[in-house]
Amino acid sequence: MQTRQLGSLSVSALGLGCMGMSEFYGTGDEAESIATIHRALDLGCTFLDTADMYGPFTNERLVGKAIAGRRDEVVLATKFGNERREDGSWVGINGRPDYVRSACDASLQRLGVDHVDLYYQHRVDTTVPIEETVGAMAELVAAGKVRHLGLSEASPATIRRAHVVHPISALQTEYSLFTRDVEADVLPTVRELGIGFVAYSPLGRGFLTGRIRSTADLAEGDSRTQRFPRFDRAHFDHNLALVAQVESLAAQKGCTPGQVALAWVLAQGDDIVPIPGTKRRAYLEENLAAADIELAPEDLAWLDEHVGAPEGDRYADMGTVNR
């Protein structure tokens, strides 16, 4: 696995999103999830992404259990800011300095580590000046608890203000063939500032794999049917027709549509690192093989022409996205 740079942080060219191992996309299997993380490390996918709110809290514990004894192989990223209670109920977005410090200490304990390599503010708290939040995050760097800082779903103006307080290594925001709005002003901003870009949901929350042919293919309780309008019946057929275009190119390339989707993200720049999520070794191996797929300029142009904008917002509630 080749590496890419997120600011001064070197990571594997593809990372592993661990969220779905614990929540949101149906039930999890801890043993298979841990085996998937171990397989990722064996294959050189060493950039692991989690957050305190996944579970909540259980995903960090799972990742900590999986990397025990292998910490030196891992570039470990976690996040704070989406505050939840142990029972899963939602508190709100929290960027207060005292919360930043306590959230970090709690994450370190759950992960069983003395530091995290990349610590993100998961969502921007618009009630707290970003300078105060990042100032507290910078204190964590000075204390040795955090090595690099990141933001998630932040606007260009917020990114610029944060970067003045302490260098931001990475911005994590949704980016895929289905979600390209960052190309207008977010990507240019982070590139100007030398900040790397981490693309979450690069497979369109699984839509771009071609394995979801109807909402009936989603397990009971899968959040995609409630939280993500692109899976609504009103939009599903339109979006599935776009996936058919990706499938067409994949057939020509002798690979899967998901691999085409990941290869497309990788081709958008060496400063972009996709973190497809999975909880199964077979899908992990399929995803990582995308790093070896070369999309020619004419392939990229064909996708630009034939895969148009999907119907439906990214989230049912876009209010937490800082724009």
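In what follows, residues are counted from 1 in the order of the sequence shown.
Heavy-atom minimum distance, P202 versus S176: O-CB, 3.3 Å. Across all their heavy atoms, Q259 and C255 have their closest contact at OE1-CB, 3.1 Å. Closest approach of I159 and A154 over heavy atoms only: CD1-O, 3.6 Å. Minimum interatomic distance between P274 and A13 (heavy atoms only, all atoms of both residues): CD-O, 3.4 Å. Of all heavy-atom pairs spanning A184 and P188, the tightest one is O-CG, 3.7 Å.
The closest side-chain donor-acceptor pair between S152 and R123 falls under 3.5 angstrom. No side-chain donor from either of H238 and R230 sits under 3.5 Å from a side-chain acceptor of the other. In this model, a donor atom of one side chain and an acceptor atom of the other lie less than 3.5 Å apart for Q172 and D49. A donor-acceptor contact closer than 3.5 angstrom links the side chains of E60 and S107.
Between the Q268 side chain and the W264 main chain, a donor and an acceptor come within less than 3.5 Å of each other. In terms of modelled atom types and a separation under 3.5 Å, the side chain of R71 and the main chain of V74 share a donor-acceptor contact. No donor-acceptor pair closer than 3.5 Å links the side chain of D232 to the backbone N or O of A234. Not a single donor-acceptor pair under 3.5 Å links the side chain of H148 to the backbone N or O of D117. With hydrogens and angles ignored, the 3.5 Å screen pairs no side-chain donor or acceptor of K145 with any backbone N or O of V116. A distance-only check finds no donor-acceptor pair linking the side chain of D271 to the backbone of F197 [under 3.5 Å]. Between the N94 side chain and the E83 main chain, no donor and acceptor come within less than 3.5 Å of each other. Not one N or O on the side chain of S201 forms a donor-acceptor pair closer than 3.5 Å with the backbone of E174.
Looking at L43 and M1, their side chains never come closer than 4.5 Å, going by heavy atoms from C-beta outward. In this structure, L62 and S22 have side chains that are in contact, with non-hydrogen atoms separated by less than 4.5 Å.
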For a quick test of your reading: what N or O donor-acceptor pairs under 3.5 Å do the side chains of residues 296-303 make, sequence neighbours left out?
{"unit_1": "D299", "atom_1": "OD2", "unit_2": "K253", "atom_2": "NZ", "d": "2.9"}
{"unit_1": "D299", "atom_1": "OD2", "unit_2": "A296", "atom_2": "N", "d": "2.9"}
{"unit_1": "W302", "atom_1": "NE1", "unit_2": "H306", "atom_2": "ND1", "d": "3.4"}

Name the atoms and distances for all side-chain donor-acceptor pairs under 3.5 Å in residues 33-42, with sequence neighbours left out.
{"unit_1": "S33", "atom_1": "OG", "unit_2": "D29", "atom_2": "O", "d": "3.0"}
{"unit_1": "T36", "atom_1": "OG1", "unit_2": "E32", "atom_2": "O", "d": "2.7"}
{"unit_1": "T36", "atom_1": "OG1", "unit_2": "K279", "atom_2": "O", "d": "3.4"}
{"unit_1": "T36", "atom_1": "OG1", "unit_2": "R281", "atom_2": "N", "d": "3.2"}
{"unit_1": "H38", "atom_1": "NE2", "unit_2": "A66", "atom_2": "O", "d": "2.8"}
{"unit_1": "R39", "atom_1": "NE", "unit_2": "E285", "atom_2": "OE2", "d": "2.8"}
{"unit_1": "D42", "atom_1": "OD1", "unit_2": "R70", "atom_2": "NH1", "d": "3.4"}
{"unit_1": "D42", "atom_1": "OD1", "unit_2": "R70", "atom_2": "NH2", "d": "2.8"}

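Tested against V273 for a side-chain contact (heavy atoms from CB on, under 4.5 Å), the candidates T3, V265, V11, L14 yield a single pass: V11. If you run side-chain contact (heavy atoms from CB on, under 4.5 Å) between P310 and each of L177, N239, T179, only N239 comes through. Applying the side-chain contact (heavy atoms from CB on, under 4.5 Å) test between V63 and each of T58, L111, T78 identifies L111 as the sole match. Of the listed residues (Y54, Y200, F80), just one forms a ring-ring contact (aromatic ring centres under 6.0 Å, His included) with H122, and that residue is Y54.
Under the 4.5 Å side-chain heavy-atom criterion for Ile, Leu, Val, Met, Phe, Trp and Tyr, V246 and L203 are members of distinct hydrophobic clusters. By the criterion of side-chain heavy atoms lying less than 4.5 angstrom apart, applied directly or through intervening Ile, Leu, Val, Met, Phe, Trp or Tyr residues, I293 is not grouped with L262; the two fall into different hydrophobic clusters.
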Residues L118, V146; criterion side chain to side chain contact (heavy atoms under 4.5 Å, CB included); working and verdict
CA-CA 7 Å; L118 179 58; V146 170; over 6 Å; no

Using the side chain to side chain contact (heavy atoms under 4.5 Å, CB included) rule, take K79 and M53 through it: C-alpha gap first, then chi angles, then the decisive distance, then the call.
CA-CA 8 Å; K79 316 176 198 74; M53 67 93 67; over 6 Å; no

Taking it one step at a time, do M21 and E30 satisfy side chain to side chain contact (heavy atoms under 4.5 Å, CB included)?
CA-CA 7 Å; M21 296 175 178; E30 182 176 289; over 6 Å; no

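For R211 and D217, the salt-bridge test fails: no basic side-chain N is under 4.0 Å from an acidic carboxylate O. Salt-bridge formation is not detected for the pair E132/R96: no Lys NZ or Arg NE/NH1/NH2 atom is positioned less than 4.0 Å from an Asp or Glu carboxylate oxygen.
No cation-pi contact links R4 to F47, judged by a cut-off of 6.0 Å to the six-membered ring centre and 45° from its axis.
F207 has its ring centre no less than 6.0 Å from the ring centre of F228.
Scored by the side-chain hydrogen bond (donor to acceptor under 3.5 Å, both in side chains) test, E183 finds Y175, R180 as partners (sequence neighbours excluded).
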